[in-house]
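Position 1 is the first residue of the sequence; numbering continues from there.
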Amino acid sequence: MKIYLILFFAVSGLFSTSLHTFAEEAKPLNILLINGGCCHDYDAQGPVIKAIVETSLNAKVTIASSTNKTDARFKPFEQDNWSDGYDLVIHNECSAKVNDKEYVNRILKAHLDGLPSLNIHCAMHSYRWGSFKKPVKIGDDNAAWFEMIGLQSSGHGPRFPINVKYLKDTHPITEGLEDWVTPRGELYNNVQIFDSATPLAMGSQTLKDGEMAEAVVAWTNLYGPNKTKIFSISIGHSSEEMLDESFGLLLSRGILWCVGELD
């Protein structure tokens, strides 16, 4: 508990004056944070994300946790009406071996019906099966989750700092933000980017052999017939990355864009 309090106060100091916030009298955003799965310190990340969001925005974050395995499932997703009452979902899960199509389609239906989502890091590598390392085609049996994300990724390189460079074309989420370098992190590859997606930032790493690896690390997507707003950040392997002020700004602005309040 002590470390979570330290993280909370660290985040509170970072975002006290940085962002446009909702008016005090406005109804808080009701956000569901899906937080758990394999290969990451989700016990630490959940409180960090909650603190960033609730400190910088007029929002209430409910955390849904699970096991620390690749087959992690989440209790809300077991119900057809799981999204009732929420304005946005943050997917911060690593459920790579969950291939129950009924379960996955239940998640996606809420987004198809118009519920925005913000996806972090290993959410890009969740709910996948079949030949997911090869480019999928829209409508394929194993393409549904990638279609929601807007970008297909299959793996990552070593844990080195990532140079984040925002693209020249301005977008409300990234307008005015400065390029930055993350602490050590994982650069997720890009198998393909769908036509419905818009890249906002590139990430690059200089590897041990001197070669350069590069990939899109932040992007928007308009998903399905309702063009549901989806925002994704493939950075975020560690709590250290999330505590960087630049990550917090990107996260909070992405939320506001998703719910139509970034103006």
query: Per the side-chain contact (heavy atoms from CB on, under 4.5 Å) rule, which among V61, N58, D87 passes with P28?
result: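 That would be N58; it is the only one of V61, N58, D87 passing the side-chain contact (heavy atoms from CB on, under 4.5 Å) with P28.
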Taking only residues two or more places apart in sequence or in another chain, which ones pass side chain to side chain donor-acceptor pair (under 3.5 Å) with [X]?
| X | result |
| --- | --- |
| K165 | none |
| R73 | E78, D100 |
| N226 | none |
| N92 | N35, Q45 |

Contacts satisfying disulfide bond (SG atoms under 2.5 Å apart) that involve residues 152-191 (not counting sequence neighbours) are none
- Query: Please, which pairs that meet disulfide bond (SG atoms under 2.5 Å apart) have at least one residue in residues 50-101, sequence neighbours excluded?
  - Reply: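 Listed by first then second residue: C94-C122.
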Determine all donor-acceptor pairs shorter than 3.5 Å in which one atom belongs to a side chain in residues 139-154; sequence neighbours excluded.
| from | atom 1 | to | atom 2 | distance (Å) |
| --- | --- | --- | --- | --- |
| D140 | OD2 | K137 | N | 2.9 |
| D141 | OD1 | K101 | NZ | 2.8 |
| D141 | OD2 | K101 | NZ | 3.0 |
| D141 | OD2 | W129 | NE1 | 3.0 |
| N142 | ND2 | W129 | O | 3.1 |
| W145 | NE1 | A123 | O | 2.9 |
| E147 | OE2 | G139 | N | 2.9 |
| Q152 | OE1 | V136 | N | 3.0 |
| Q152 | OE1 | Q192 | NE2 | 2.7 |
| Q152 | NE2 | F132 | O | 2.7 |
| Q152 | NE2 | K134 | O | 2.8 |
| S153 | OG | H125 | NE2 | 2.8 |
| S153 | OG | N189 | O | 2.8 |
| S153 | OG | N189 | OD1 | 2.9 |
| S154 | OG | N189 | ND2 | 3.0 |

Check the pair E93 / Y127 against side chain to side chain contact (heavy atoms under 4.5 Å, CB included), numbers first and verdict last.
CA-CA 10 Å; E93 69 257 52; Y127 312 122; 2.8 Å; yes
Handout entry: E241 (side chain) donor-acceptor with S238 (main chain) under 3.5 angstrom
Key =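 Judged by distance alone, yes, a pair lies under 3.5 Å.
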How many angstroms lie between [atom1] in [X] and [atom2] in [Y], if you round to the nearest 0.5 Å?
| X | Y | atom1 | atom2 | answer |
| --- | --- | --- | --- | --- |
| L222 | S196 | CG | OG | 7.0 Å |
| M124 | S234 | CE | OG | 5.5 Å |
| S65 | N68 | OG | CG | 11.5 Å |
| L108 | F77 | CG | CZ | 9.5 Å |
| I107 | L112 | CD1 | CG | 12.0 Å |
| L88 | L33 | CG | CG | 10.0 Å |

Would a hydrophobic clustering, with Ile, Leu, Val, Met, Phe, Trp and Tyr connected at side-chain separations under 4.5 Å, put [X] with [Y]?
| X | Y | answer |
| --- | --- | --- |
| I52 | I173 | yes |
| L177 | I162 | yes |
| I90 | L243 | yes |
| I230 | I233 | no |
| Y86 | I120 | no |

side-chain contact (heavy atoms from CB on, under 4.5 Å) partners for [X], two or more places apart:
| X | value |
| --- | --- |
| N81 | Q79, D84 |
| P199 | L167, I193, V216 |
| T206 | M212 |

A side-chain contact here means heavy atoms from C-beta on lying under 4.5 Å apart; do [X] and [Y] qualify?
| X | Y | answer |
| --- | --- | --- |
| Y166 | H171 | no |
| V89 | H111 | yes |
| P161 | R184 | yes |
| L251 | V53 | yes |

For H40, the ring pair (Phe, Tyr, Trp, His ring centres under 6.0 Å) test, sequence neighbours excluded, returns Y42, H121, H237
If you look at every heavy atom in [X] and [Y], which pair is closest and at what distance?
| X | Y | value |
| --- | --- | --- |
| N119 | S232 | ND2-OG, 3.0 Å |
| W180 | I235 | CZ2-CD1, 4.3 Å |
| G254 | L118 | C-CD1, 4.0 Å |
| Q205 | L187 | OE1-CB, 3.5 Å |
| W82 | R106 | NE1-O, 3.0 Å |
| D244 | P183 | OD2-CD, 4.2 Å |

task: Provide the full list of ring-ring contact (aromatic ring centres under 6.0 Å, His included) pairs with a residue in residues 189-227, sequence neighbours left out, each pair given once.
output: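 Matches after skipping sequence neighbours: none remain.
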- Go through the steps for T220 and L200 under the test side chain to side chain contact (heavy atoms under 4.5 Å, CB included), then give the verdict. CA-CA 7 Å; T220 61; L200 301 185; 3.8 Å; yes
- Message: Please verify the inter-ring angle class for Y188 with H156; under 30° counts as parallel, over 60° as perpendicular, anything in between as tilted.
- Response: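 Correct class here is parallel.
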